[in-house]
Q: 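Take a look at this one; I'll ask things after.
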Amino acid sequence: MTNKLTQKPDLDKELLVSIIMPTLNEEAYLSKSLSNIINNDFDLKKVELIIIDGGSKDETISIVKSFSKKININLFIYEDCSVYKALNIGLSHAKGKYFLRVDARSLIPKDYIRKTIGHFKNGIQCVGGRQIQFGKTVKSKAIAEVTNSFIGTGGAKFRISKKSCYVDSVYLGVYKTDYLRYLGGFEDSSKYVSEDSYINYLIRKNKQKVFLDSSIEVKYPAKLSFRDLAKQYFIYGAGRCFIFKKHRKFTSIRQLIPILYLMTYFIIFCTSLINPNYFILSIFLLFLHLFFIVICNISEIKNLKKLYYKVISNFIIHFCWPIGFIGFFISPKVHKFIIKILT
């Protein structure tokens, strides 16, 4: 079933930008996200906002309608539509030269549109900025700081780089609409796909470039609980594994490190069931891991509660991402079983 909300402002200029936003029960941050879009220092007459909703039960649709007088909005409702299918639906309807993906919880800066589309030259086919997570509680602030750190997430440049450069992937991403269609759009054959890294992998495979403008900071709310964080990184791991299984290649060599660590620890622990001496080695390895994390967060020594949250968050990310990868590699059913446990 598809419903369409059409707002027809004075579009006396050619559409230049199509902003695509998948939604599903996003009332918490949607108003702020839409406000940040319309407050961009860019001519809104050149912008269309395409929202694909997966069947929201909260106030998401009402919020979208309340913004329809401020920006040209096309709203499509597809029950049980995945994020990846929603992006492809948006791509099929996009009329702008540039395709901007914006999450319903992401808060783009006021110069986002102008800055990103200004970088398309010299073989660049995707532009994005840094994802800066934020929190409101002590726990969510700790989780945010971990996800924004090198130790927490392994040095992904879209999280930590303060230098603009070519990268393997960016957060969200802005593309030329025709080039996205040339690539075949977003991968939507699996429930677990890392949509950013997958499409950027295809771009680089075609000898084109992905560019990170580090001056662009997109804010995003951190998870509120350890369970949600664990689920998120199980899914991230599975998404990366999907790319690996399809192309037999890692999108970045740094992804090998947590996988090799987990496999090493698992082998030592299993061996300890036969030889008790290896049990001591497994405990020692775990202690070294803990010691390393504490040392890297020693600045929180006066705030033991926050230090505790950061240590646990690091452990969750370091273990759940590779477990998600390996679980999906063994079988998507194994991964699905783990997700059910967490939900």
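This is a predicted model, so every value here is computed, not measured.
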Q: Share the residues that join Phe134 in a hydrophobic cluster, the rule being Ile, Leu, Val, Met, Phe, Trp or Tyr side chains under 4.5 Å apart at the heavy-atom level.
A: Tyr29, Leu107
Q: Classify the angle between the aromatic ring planes of Phe329 and Phe325 as parallel (below 30°), tilted (30 to 60°) or perpendicular (above 60°).
A: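 Phe329 and Phe325: parallel rings.
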Q: Can you measure from NZ (Lys95) to CG (Asn72) and round to the nearest 0.5 angstrom?
A: 8.0 Å
Q: Are any non-hydrogen side-chain atoms of Asp103 and Tyr171 less than 4.5 angstrom apart?
A: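 Answer yes - side chains close enough.
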Q: With clusters defined by side-chain heavy atoms of hydrophobic residues (ILVMFWY) lying less than 4.5 Å apart, directly or transitively, does Ile316 cluster with Leu286?
A: yes
Q: State yes or no: do Ile257 and Met263 share one hydrophobic cluster built from I, L, V, M, F, W and Y residues joined by side-chain heavy-atom distances below 4.5 Å, directly or via other members?
A: no
Q: Are Ile63 and Ile37 joined in one hydrophobic group, where the rule is that I, L, V, M, F, W and Y side chains link up if heavy atoms are under 4.5 Å apart?
A: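 Both belong to a single hydrophobic cluster.
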Q: Can you find a pair of side-chain heavy atoms, one from Gln125 and one from Leu183, that are under 4.5 Å apart?
A: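 Heavy-atom side-chain distance check fails, nothing below 4.5 Å.
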Q: Should the heavy atoms of other residues, nucleotides or ligands under 6.0 Å from NZ of Lys115 be counted, would the total exceed 12?
A: yes
Q: Treating Glu59 as the side-chain partner and Glu27 as the backbone partner, does any N or O pair qualify as donor plus acceptor under 3.5 Å?
A: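 No, the answer is negative, given that no donor and acceptor are paired below the 3.5 Å cut-off.
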Q: Do the ring planes of Phe242 and Tyr198 sit parallel (below 30°), tilted (30 to 60°) or perpendicular (above 60°)?
A: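 The arrangement is tilted - the two ring planes meet at 30° to 60°.
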Q: What heavy-atom pair brings Ile50 and Gly90 nearest, and what distance separates the two atoms?
A: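 Closest pair (atom of Ile50, atom of Gly90, distance): CD1-O, 3.8 Å.
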Q: State whether the side chain of Ser161 and the backbone N or O of Phe158 hold a donor-acceptor pair below 3.5 Å, judged by distance alone.
A: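 Here the side-chain-to-backbone pair does not exist.
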Q: Run the salt bridge (charged side-chain N to carboxylate O under 4.0 Å, His left out) check on Lys310 and Glu300 step by step: do they pass?
A: CA-CA 9 Å; Lys310 293 181 78 169; Glu300 307 291 353; 3.4 Å; yes
Q: If you define the side chain from C-beta out and look only at heavy atoms, does anything of Lys209 sit under 4.5 Å from Ile124?
A: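 In short, these two side chains touch, coming nearer than 4.5 Å.
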Q: Assign the ring pair Tyr179 / Tyr182 to parallel, tilted or perpendicular, where the plane angle (0 to 90°) is split at 30° and 60°.
A: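 Aromatic pair Tyr179/Tyr182 classed tilted.
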Q: Answer yes or no: does atom NZ of Lys245 have more than 12 heavy-atom neighbours from other residues, nucleotides or ligands under 6.0 Å?
A: yes
Q: What distance separates Ser164 OG from Ile216 CD1, expressed to the nearest 0.5 Å?
A: 8.0 Å
Q: Can you tell me if Ser33 uses its side chain to pair, donor with acceptor, with the backbone of Leu30 under 3.5 Å?
A: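 Here the side-chain-to-backbone pair does not exist.
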Q: If you define the side chain from C-beta out and look only at heavy atoms, does anything of Lys85 sit under 4.5 Å from Tyr78?
A: no
Q: Is there a donor-acceptor contact under 3.5 Å from the side chain of Asn206 to the main chain of Gln208?
A: no
Q: Please lay out, stage by stage, how Asp228 and Gln232 fare under the test side chain to side chain contact (heavy atoms under 4.5 Å, CB included).
A: CA-CA 6 Å; Asp228 287 344; Gln232 181 182 43; over 6 Å; no
Q: If you define the side chain from C-beta out and look only at heavy atoms, does anything of Ser35 sit under 4.5 Å from Phe67?
A: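 Contact flag for Ser35/Phe67 side chains = yes.
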Q: Apply the test side-chain hydrogen bond (donor to acceptor under 3.5 Å, both in side chains) to residues His93 and Asn74: give CA-CA distance (whole Å), side-chain angles for both, the deciding distance (0.1 Å), then the verdict.
A: CA-CA 9 Å; His93 289 282; Asn74 288 320; over 6 Å; no
Q: With heavy-atom distances below 4.5 Å as the criterion, would you say the side chains of Leu100 and Tyr112 are in contact?
A: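 They are in contact (side-chain heavy atoms under 4.5 Å apart), so the answer is yes.
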Q: As a quick check of understanding, evaluate ring pair (Phe, Tyr, Trp, His ring centres under 6.0 Å) for Phe284 and Phe287, giving each step before the final call.
A: CA-CA 5 Å; Phe284 179 71; Phe287 175 80; 7.0 Å; no
Q: Same cluster or not: Phe291 versus Ile268, using hydrophobic residues (I, L, V, M, F, W, Y) connected whenever any side-chain heavy atoms lie under 4.5 Å apart?
A: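 No, no single cluster joins them.
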Q: What side-chain hydrogen bond (donor to acceptor under 3.5 Å, both in side chains) pairs are there with at least one residue in residues 258-272, not counting sequence neighbours?
A: Tyr261-His289
Q: Arg181 side chain to Leu91 main-chain N or O, any donor-acceptor pair under 3.5 Å?
A: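 Yes, because the side chain of Arg181 sits within donor-acceptor range (under 3.5 Å) of the backbone of Leu91.
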Q: Less than 4.5 Å apart, side chain to side chain, heavy atoms only: is that true for Asn297 and Val311?
A: no
Q: Does Ser140 use its side chain to pair, donor to acceptor, with the backbone of Leu224 at less than 3.5 Å?
A: no
Q: Do Ser18 side-chain atoms and Glu48 backbone N/O form a donor-acceptor pair below 3.5 Å?
A: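 Here the side-chain-to-backbone pair does not exist.
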Q: Got more than 12 heavy atoms from elsewhere within 6.0 Å of NZ, Lys176?
A: yes
Q: Would Phe269 and Phe266 count as a close aromatic pair, with their ring centres under 6.0 Å?
A: no
Q: For Asn25 and Lys57, indicate whether the former's side chain and the latter's backbone hold a donor-acceptor pair under 3.5 Å.
A: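 It does hold such a pair.
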Q: Would you say CZ of Phe226 has more than 12 non-hydrogen atoms from neighbouring residues, nucleotides or ligands within 6.0 angstrom?
A: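 Yes, because the 6.0 Å sphere around CZ of Phe226 holds more than 12 heavy atoms from other groups.
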Q: Report the distance from atom CG of Leu229 to atom NZ of Lys223, rounding to the nearest 0.5 Å.
A: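 Atom-to-atom, Leu229:CG and Lys223:NZ are 8.5 Å apart.
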Q: For Glu26 and Thr60, which heavy atoms make the closest approach, and how far apart are they?
A: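 Where Glu26 meets Thr60 most closely, the heavy atoms are N-OG1, 2.8 Å.
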Q: Checking side chain to side chain contact (heavy atoms under 4.5 Å, CB included) for the pair Ile317/Tyr236: CA distance, chi angles, key distance, verdict?
A: CA-CA 10 Å; Ile317 293 173; Tyr236 283 173; over 6 Å; no
Q: Using only atom types and a distance under 3.5 Å, with no angle test, would you say the side chain of Ser313 pairs donor to acceptor with the backbone of Tyr309?
A: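 Such a contact is found between Ser313 side chain and Tyr309 backbone.
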Q: Rounded to the nearest 0.5 Å, what separation is found between the CD1 atom of Ile20 and the CZ atom of Phe186?
A: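 Nearest 0.5 Å value for the CD1-CZ distance: 8.5 Å.
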Q: At what distance, to the nearest 0.5 angstrom, does CE of Met21 lie from CG of Leu49?
A: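 CG of Leu49 is found 6.0 Å from CE of Met21.
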Q: Within this structure, what is the NZ-CD1 distance for the pair Lys69 and Ile38, rounded to the nearest 0.5 Å?
A: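 So the NZ of Lys69 and the CD1 of Ile38 are separated by 13.5 Å.
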Q: Are the side chain of Lys141 and the backbone of Lys306 linked by a donor-acceptor contact shorter than 3.5 Å?
A: no
Q: Would Tyr98 and Phe120 count as a close aromatic pair, with their ring centres under 6.0 Å?
A: yes
Q: State, with a plain yes or no, whether a side-chain heavy atom of Ile203 is found less than 4.5 Å away from one of Tyr175.
A: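 Yes; the side chains approach each other to less than 4.5 Å.
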Q: More than 12 heavy atoms of other residues, nucleotides or ligands under 6.0 Å from CZ of Arg105: is that the case?
A: no
Q: Under 4.5 Å between side-chain heavy atoms, hopping through other hydrophobics if needed: is there a path connecting Ile283 to Leu288?
A: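 Result: no, two separate clusters.
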Q: Write out all pairs satisfying side-chain hydrogen bond (donor to acceptor under 3.5 Å, both in side chains) with one or both partners inside residues 321-331, taking only residues at least two apart or from two chains.
A: none
Q: Using a 6.0 Å cut-off, check whether atom NZ of Lys139 has over 12 heavy atoms from anything other than its own residue.
A: yes
